[in-house]
Amino acid sequence: MQHQPIENRSFADLIANARPEQVPTFNDEGDFRGYKHTAPSDFSVSLDDSVVTNDERATLPEATRSTLRRDMTTANSSSLSNASQPNTFTWKHMILASGILARAGTSFDTSGNFEGTPFFPGFDSHFGTAWLGENAEIPESTASTVNFPYSIHTVGAFSIASRYVTKLAPGLIPQVKIGQGIAIKNAVEQALIAGDSATNANQPDGLVKQVTGQTLVGASKTGLIILSETLEVLESNGLDKDALSVVMSPDVAKKMRQETGAKSHPALSLSTNRMLVSKFMPTGTLIAGRYSDYQAVTSSEIQFLAHTYTPAGQPETGATRIRSLFDVDAKVLNQESFVKVTGIA
């Protein structure tokens with residue numbers, strides 16, 4: 001008989017109701033006929049759902065609760081001191097909003113709509129003007145638009161949980177969820193920054209590969225010179241520096257910190273909260289630009305699938321393998337909004 005997927009009402013049920021991925025089959029005489037696949041235990045969450053409930057939060061170790069209070073608090077107003085409110089700690093906040101790209105300004109569409117060809121109105125750098133004489137005929141014009149197709153790329157995060165231990169220690173359930181969320185967050189950031197479909201067909205092409213229109217070489221230049229030249233290109237395209245962010249690799253950040261003129265960088269270029277570092281940016285590379293022109297789309301929910309897990313040749317240990325599936329893609333809308341600098345040393 002074909003097993004039907006088990007739809008669960010909680011993450012704990014997802015683990016408890018998992019079954020083997022393959023089960024042996026026998027004929028009427030009891031002879032072994034091979035294995036057949038079984039449907040996984042299934043559980044889905046909306047990106048707007050809380051990762052942990054208040055009851056689950058109370059079961060977390062104090063160190064974990066302190067981390068959540070620190071990382072999941074957002075300011076009400078930048079002009080008010082000590083004005084903050086607890087974030088509801090949703091999957092969206094954990095995976096997207098708290099990430100480097102979102103802090104740089106990347107726009108995330110979480111509608112889950114990958115169909116068709118998205119339409120975007122023309123950007124300010126694409127508009128043209130002309131002076132007309134009195135009673136002159138108004139010339140024909142065509143609206144400048146950006147059209148491109150999204151593709152679905154699915155991020156998969158894996159973890160192993162013990163069915164026995166999670167029953168004895170309920171505090172492990174929210175920690176498993178937090179671990180899954182962090183794994184998805186890192187996978188999304190890595191793909192959207194350094195993804196290369198030529199290397200891994202399951203990944204989208206990331207920002208590093210997509211920015212091809214404006215590139216500079218940073219070899220033998222100081223950080224101050226690199227930022228000045230980068231801003232010159234972007235400002236020449238009509239972009240205001242207050243709308244710009246920089247995402248750099250850790251080694252580039254180290255170079256800038258160690259330079260004598262490093263303290264003058266923010267005053268001459270960008271505020272420090274717009275200078276961001278990602279471990280996924282390739283060595284010796286930074287990308288500066290208006291990150292709101294890097295548009296990402298994601299699925300509106302995360303799907304979790306679970307099977308019992310027993311390594312080959314080993315006895316049943318009560319382990320469950322959890323897979324989380326999350327769809328994502330992103331496109332650079334305007335090449336004139338970004339400058340890529342490579343070879344910084």
Side-chain angles (χ1 to χ4, degrees), residues 47-48 51 67-110 155 178 181-195 204 206-208 210-211 223 226-227 230-231 234 239-254 256-257 262 265-267 269-282 285-298 302 326 328-334 337-341:
L47 286 182
D48 293 321
V51 179
T67 300
L68 294 182
R69 284 195 297 268
R70 181 194 68 206
D71 294 345
M72 299 303 159
T73 299
T74 55
N76 290 326
S77 172
S78 58
S79 61
L80 297 177
S81 61
N82 300 320
S84 62
Q85 60 182 358
N87 191 281
T88 54
F89 193 23
T90 63
W91 292 96
K92 181 188 296 183
H93 182 84
M94 185 178 194
I95 296 171
L96 303 177
S98 64
I100 294 295
L101 288 174
R103 289 160 56 194
T106 295
S107 175
F108 286 91
D109 174 5
T110 58
V155 171
I178 292 170
I182 292 173
I184 297 172
K185 173 183 179 179
N186 286 335
V188 168
E189 183 175 321
Q190 180 178 24
L192 296 190
I193 290 178
L207 188 63
V208 173
Q210 289 191 46
V211 174
I226 291 170
L227 286 174
T230 300
L231 286 177
L234 295 171
L239 301 179
D240 191 297
K241 72 179 183 65
D242 290 336
L244 305 178
S245 297
V246 176
V247 178
M248 66 190 76
S249 59
D251 65 300
V252 173
K254 175 184 176 182
M256 293 190 176
R257 293 189 190 104
H265 286 178
S269 54
L270 303 176
S271 60
T272 54
N273 64 349
R274 307 298 286 184
M275 306 274 285
L276 304 168
V277 180
S278 172
K279 64 181 180 181
F280 301 116
M281 185 65 74
T285 303
L286 70 76
I287 296 180
R290 183 168 60 188
Y291 274 75
S292 58
D293 286 352
Y294 188 41
Q295 174 78 39
V297 63
T298 75
I302 305 170
F326 184 60
V328 64
D329 195 22
K331 299 293 182 183
V332 169
L333 306 184
N334 184 8
S337 293
F338 294 94
V339 173
K340 177 172 63 179
V341 186

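To the nearest 0.5 Å, atom CD of residue Gln295 and atom CG of residue Asp329 are 10.5 Å apart. Note that CG of Asp48 is 13.0 Å distant from CH2 of Trp91, once rounded to the nearest 0.5 Å. A distance of 5.5 Å separates CG of Leu276 from CZ of Arg103, quoted to the nearest 0.5 Å. One distance of note links CG of Leu96 with OG1 of Thr298; it measures 5.5 Å at 0.5 Å rounding. Atom NZ of residue Lys279 and atom CD of residue Glu189 lie 8.0 Å apart, to the nearest 0.5 angstrom. Interatomic distance, CD1 of Ile193 versus OG1 of Thr106, reported as 8.5 Å (0.5 Å rounding).
Tested against Val339 for a side chain to side chain contact (heavy atoms under 4.5 Å, CB included), the candidates Val211, Ile226, Leu286, Thr230 yield a single pass: Thr230.
Checking side-chain atoms of Lys340 against main-chain N and O of Val208 turns up a donor-acceptor pair under 3.5 Å. One N or O on the side chain of Gln210 and one on the backbone of Ala330 form a donor-acceptor pair closer than 3.5 Å. Distance alone, capped at 3.5 Å, is enough to place a donor-acceptor pair between the Tyr294 side chain and the Leu192 backbone. A donor-acceptor distance shorter than 3.5 angstrom exists from the side chain of Ser98 to the backbone of His93, with no hydrogens or angles considered.
The side-chain heavy atoms of Ile178 and Met94, taken from C-beta on, include a pair separated by under 4.5 Å.
Considering every non-hydrogen atom in both Thr90 and Leu47, the closest pair reads CB-O, 3.5 Å. Listed here is the closest heavy atom pair of Val247 and Ala104: CG2-CB, 4.1 Å. Across Lys185 and Ile95, no two heavy atoms sit closer than the pair CG-O, 3.6 Å. In terms of heavy-atom proximity, Ser292 sits nearest to Ser107 at O-CB, 4.4 Å. Nearest heavy-atom pair across Phe338 and Arg290 is CZ-O, 3.3 Å. Here the closest non-hydrogen pair linking Val277 and Ser249 is CG1-C, 4.0 Å.
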Open item on the list: Does Met256 form a side-chain contact (heavy atoms from CB on, under 4.5 Å) with Leu227? I'd like the steps, not just the answer.
Closed with: CA-CA 10 Å; Met256 293 190 176; Leu227 286 174; 3.9 Å; yes
